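First comes the structure, then the notes that go with it.
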Amino acid sequence: MRPIRVRFAPSPTGALHIGGIRTALYNYLFAKQKGGTFIIRIEDTDQSRYVPGAEEYILKSLEWLGLQADEGPTQGGAFGPYRQSERKSTYHEYALKLVDQGHAYYAFDSAEELEAMRQRLMSPENPMPKYDFDSRDQMKNSLNLSLDEVQNLLQKNTAHVIRLKVPKGETVKITDQVRGEVSFSTQELDDKILIKSDGMPTYHMANVIDDRLMQISHVIRGEEWLSSTAHHVLLYRYFGWEAEMPEFAHLPLILKPEGNGKLSKRDGAKFGFPVFPMDWKTEEGEVFLGFKEAGFLQEGLINFLVLLGWNPGDDRELFTLEELVDSFSLEKIVKSGARFDFAKAKWFNAHYIQQLEESRAVEIIHSIFEKHGVILTPHQAMLTFKMYRERAVVLTDFYHSGKFIVLKPDKADEEFKTKKWKPEWSDPFLKLSEQMNQLDNFEKTSLEPLLKEFMQTHGLKMGELLPSLRVMISGIPMGPDVYMMLESLGKQETIERIKEGVVKLKH
RNA sequence: GCCCCGUUCGUCUAUCGGUUAGGACACAAGAUUUUCAUUCUUGUAAGAGGGGUUCGACUCCCCUACGGGGUACCA
């Protein structure tokens with residue numbers, strides 16, 4: 001069996017959304033399971049759509065998720081360069097071979113001439129005329145022009161492309177690892193451009209050449225490529241590489257939540273959830289929210305994504321990356337598109353937050369508070385984790401819920417204030433704060449008897465005392481164990497907040 | 001339009017001819033809990049439609065419907 005080599009080949013035309021991340025994930029898992037090589041190749045053949053920073057963004061995202069590449073633009077490798085723009089001459093060389101063999105030809109048609117052809121051939125039955133077996137006879141290409149004319153045009157540096165000469169009346173069969181046998185009639189295929197007039201190859205050309213040259217064994221990519229795979233097979237055939245052609249696996253698409261259409265970058269803002277791994281700022285200054293900044297753990301995102309289109313074949317749902325490497329299989333990839341379900345993504349994340357190791361949690365919580373300009377002591381971070389690990393769905397919840405530990409509440413919960421709080425409790429609470437001041441140690445063991453006694457003497461119930469205290473110290477009546485909250489604040493701060501709280505609760 | 005792919009609970013999915021069609025999320029109810037969560041228990045909920053093949057189809061075949069992808073000098 002040949003060595004397993006797979007590639008993830010993003011185009012730096014913007015941020016990579018989670019559909020791309022999932023493709024990268026599946027490639028990574030497959031490679032690692034088989035002891036193969038995971039390669040990153042940057043497909044930057046469209047100069048007009050090139051976006052500065054996009055490549056860096058893509059690489060950073062993969063790094064954040066732990067999808068380490070074995071070969072790629074940053075780490076290099078024996079099959080580089082790994083940026084297609086740096087391989088330009090290679091593609092041209094191969095295209096010329098095809099021209100020599102009669103499997104490709106020069107075409108000199110201008111954009112206007114192309115448009116004219118479409119207009120001419122357009123009809124209700126044929127709304128999108130192709131440059132193909134039928135129409136190429138009427139076009140300005142080396143199939144119709146004399147050799148002299150072609151030489152002349154070429155010598156004058158006339159803008160031209162190189163097109164694949166698709167044969168008529170053949171059937172191209174491919175065996176897809178996910179979908180089984182799929183066949184296409186060459187009748188339906190257009191004469192795809194291989195080399196654009198700027199000298200850059202198209203995706204179709206570049207991917208075939210590179211996959212062969214990089215000895216790719218399996219092409220695992222999105223379903224949007226299934227249709228053009230027939231063209232790719234033709235290229236492998238004409239290059240004489242059909243025996244070494246990689247296996248194909250076309251992944252189902254990730255759909256919008258309502259299921260109509262594939263998920264796109266605008267959907268995040270539209271539905272209120274991230275579709276990108278990390279924040280992405282466009283050149284125009286538009287910001288797209290990322291899973292990372294939204295408070296997702298990489299293991300949560302990965303676990304959520306991997307199940308969108310794959311399953312282990314049994315009832316397991318929770319997987320670490322390592323476990324996925326063991327369990328993953330191309331055979332269990334689902335054929336139909338999967339809708340993006342943010343509720344499930346959150347559930348996975350909440351689960352992994354609960355599983356978080358304390359030292360890592362402390363670090364994470366510290367950095368989240370730091371982003372808000374608040375520096376927590378390790379002890380405070382640890383307390384925050386203990387108080388909210390079972391309540392946090394996203395990491396940012398630790399800040400929003402736990403910030404009371406360093407920030408005084410700006411106001412008392414309105415509903416509690418009007419419906420639950422009784423003005424006559426004010427004095428007793430002030431007295432309580434004084435009693436607290438007498439305490440030697442400010443811990444649950446000493447606090448609990450004090451509060452119990454307080455309830456008895458003033459005829460308060462648990463459900464009245466505890467929420468009141470929470471509102472005074474944090475602003476809201478819900479939250480973790482009160483004693484833990486009090487402890488986390490410490491004696492002086494607690495006393496201060498009770499005094500201020502009584503004021504805030506005044507009707 | 002044409003080509004390709006798909007279609008099981010609201011969602012993600014299991015089932016590779018014989019099951020009370022299973023699990024998870026979400027939702028609902030209950031238990032635990034000082035509150036909110038967590039946790040636990042229980043519940044509601046599915047094979048697009050029509051033809052075949054077969055002793056027997058969710059499962060195989062065909063048609064229709066619906067959904068998705070493609071149809072660029074974009075990837």
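Just so we're on the same page: letters track the sequence lines, and every chain starts at 1. Heavy-atom basis, side chains included; hydrogens, waters and symmetry copies ignored. All of these numbers come straight from a predicted model, not from anything done at the bench.
- Using atom C1' as the reference point in both B:U41 and B:A46, the two lie 24 Å apart (nearest Å).
- Taking the six-membered ring for Trp and the full ring otherwise, A:Phe454 and A:His458 have centroids separated by under 6.0 Å.
- Remark: B:U7 base-pairs with B:A65. Criterion, Watson-Crick or G-U wobble with two distances under 3.5 Å.
- Using the Watson-Crick or G-U wobble rule with both distances under 3.5 Å, B:A28 pairs with B:U42.
- Among the candidates A:Trp347, A:Phe273, A:Phe348, the single residue satisfying the ring-ring contact (aromatic ring centres under 6.0 Å, His included) test with A:Phe342 is A:Phe273.
- Note on A:Glu43: only backbone sugar-phosphate atoms sit closer than 4.0 angstrom, heavy atoms only; bases stay farther off.
- Remark: the A:Lys344 side chain and the B:A26 base include no donor-acceptor N/O pair separated by less than 3.5 Å.
- Within 4.0 Å of A:Asp44, counting heavy atoms only, lies no atom of the nucleic acid at all.
- In this structure, A:Leu253 and A:Thr13 both approach RNA chain B, and ranking their closest nucleotides by distance from the 5' end singles out A:Leu253.
- The residue A:Asn126 sits apart from the nucleic acid: no heavy atom pair falls under 4.0 Å.
- Within residues 471-485 of chain A, the residues having any heavy atom closer than 4.0 Å to RNA chain B are, in order of number, A:Pro477, A:Met478, A:Gly479, A:Pro480, A:Asp481, A:Val482.
- Between the side chain of A:Ser227 and the base of B:C4, no donor-acceptor pair under 3.5 Å is found.
- Taking every side-chain heavy atom of A:Asn311 into account, B:U13 is the closest of B:A75, B:U13, B:G1.
- Relative to the side chain of A:Val182, the nucleotides B:C5, B:C2, B:U15 differ in distance, and B:C5 lies closest.
- In terms of position along RNA chain B, the nucleotide closest to A:Leu255 lies nearer the 5' end than the nucleotide closest to the other residue of the pair A:Asp198 and A:Leu255.
- Side-chain atoms of A:Ser228 and base atoms of B:G70 include no donor and acceptor less than 3.5 Å apart.
- Spacing of P atoms, B:C5 relative to B:U42, comes out at 43 Å, to the nearest Å.
- A salt bridge between A:Glu43 and A:Arg41 is present, with a side-chain N of the basic residue lying under 4.0 Å from a carboxylate O of the acidic one.
- Within the 4.0 Å cut-off from OP1 or OP2 of B:C74, at least one side-chain nitrogen or oxygen of A:Lys196 is found.
- Between A:Arg470 and B:U35, a side-chain N or O to OP1/OP2 separation shorter than 4.0 Å is absent.
- No hydrogens or angles were tested; on distance alone, nothing pairs the side chain of A:Arg179 with the base of B:C5 as donor and acceptor under 3.5 Å.
- As rounded to the nearest Å, B:G43 and B:G23 have P atoms that lie 9 Å from one another.
- Of the candidates B:C12, B:C25, B:A37, B:A37 carries the atom nearest the A:Arg391 side chain, counting heavy atoms from C-beta on.
- In this structure, A:Trp421 atom CH2 and B:U35 atom C1' are separated by 16 Å, rounded to whole Å.
- Checking B:A75, B:U13, B:G68 against the side-chain heavy atoms of A:Ala338 singles out B:U13 as nearest.
- Phosphate proximity of B:G70 to A:Lys192: absent, as no side-chain N or O sits under 4.0 Å from OP1 or OP2.
- Atoms CD (A:Glu258) and P (B:C66) sit 19 Å apart, rounded to a whole Å.
- Note: A:Phe296 and A:Phe276 fail the aromatic proximity criterion, with ring centroids not under 6.0 Å apart.
- Residue A:Arg118 is in sugar-phosphate contact alone, with no base atom involved, counting any heavy-atom pair closer than 4.0 Å across all strands shown.
- The side chain of A:Arg339 has B:C12 as its nearest neighbour among B:C5, B:U38, B:C12.
- B:C74 sits 15 Å from B:G69 when the C1' atoms are compared, rounded to a whole Å.
- Counting non-hydrogen atoms under 4.0 angstrom, A:Lys262 reaches the backbone sugars and phosphates but no base.
- At whole-Å resolution of the value, CD1 in A:Ile254 and P in B:C5 are 22 Å apart.
- A sub-4.0 Å separation between OP1 or OP2 of B:G67 and a side-chain N or O of A:Asn260 is absent.
- Base pairing annotation: B:C2 forms a Watson-Crick or G-U wobble pair with B:G70, both donor-acceptor distances under 3.5 Å.
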Would you sort out whether A:Phe248 and A:Trp225 count as a ring pair (Phe, Tyr, Trp, His ring centres under 6.0 Å), showing the intermediate values?
CA-CA 10 Å; A:Phe248 293 103; A:Trp225 296 111; over 10 Å; no

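- Nearest nucleotide to the A:Asp341 side chain, out of B:A14, B:U11, B:C5: B:U11.
- Listed nucleotides B:C73, B:G6, B:U34 differ in distance to A:Ser336; the shortest reach to its side chain belongs to B:G6.
- Salt bridge A:Arg49/A:Asp46: present, at least one basic N to carboxylate O contact under 4.0 Å.
- A salt bridge does not link A:Arg120 with A:Glu113: none of the charged nitrogens is closer than 4.0 Å to a carboxylate oxygen.
- Going from the P atom of B:A28 to that of B:U38 covers 12 Å, rounded to whole Å.
- Across all strands shown, A:Glu317 has heavy atoms under 4.0 Å from base atoms, whether or not it also approaches the sugar-phosphate.
- In summary, A:Asp198 and A:Lys196 do not engage in a salt bridge, as defined by a charged side-chain N under 4.0 Å from a carboxylate O.
- For A:Lys256 and B:U11, the shortest distance from a side-chain N or O to OP1 or OP2 is not below 4.0 Å.
- Using a 4.0 Å heavy-atom cutoff across all strands shown, A:Gln187 reaches no nucleic acid atom at all.
- Candidate nucleotides B:U39, B:U71, B:C3 were compared by shortest atom distance to the side chain of A:Phe184, and B:C3 ranks first.
- The existence of a salt bridge linking A:Asp191 and A:Lys165 is excluded, since no basic side-chain nitrogen approaches an acidic carboxylate oxygen closer than 4.0 Å.
- The side chain of A:Ile193 approaches B:C73 more closely than any other nucleotide in the set B:A24, B:G23, B:C73.
- Relative to the ring axis of A:Tyr131, A:Arg163 places its NZ or CZ within 45° and under 6.0 Å from the centre.
- Taking atom C1' in both B:U20 and B:U7, one finds a spacing of 25 Å when rounded to whole Å.
- One finds a salt bridge joining A:Asp211 and A:Arg7 here, because a Lys/Arg side-chain nitrogen approaches an Asp/Glu carboxylate oxygen to under 4.0 Å.
- Rounded to whole Å, the separation between the C1' atoms of B:G70 and B:G52 comes to 32 Å.
- A sub-4.0 Å separation between OP1 or OP2 of B:G1 and a side-chain N or O of A:Ser123 is absent.
- Taking 4.0 Å as the cut-off between side-chain N and carboxylate O, A:Arg83 and A:Glu55 count as a salt-bridged pair.
- The existence of a salt bridge linking A:Asp210 and A:Arg212 is excluded, since no basic side-chain nitrogen approaches an acidic carboxylate oxygen closer than 4.0 Å.
- Between A:Lys140 and A:Asp109, no side-chain nitrogen of the basic residue sits less than 4.0 Å from a carboxylate oxygen of the acidic one, so the salt-bridge criterion is not met.
- With a 3.5 Å ceiling on both atom-pair distances, B:C36 lacks any Watson-Crick or G-U wobble partner.
- RNA chain B lies under 4.0 Å from at least one heavy atom of each of the following residues of residues 298-309 of chain A: A:Leu307, A:Leu308, A:Gly309.
- The side chain of A:Arg49 lies closest to B:A75, out of B:U11, B:G68, B:A75.
- With C1' as the reference atom, B:C73 and B:U13 are 42 Å apart, rounded to whole Å.
- Among the atoms of the strands shown, none is found under 4.0 Å from any heavy atom of A:Pro467.
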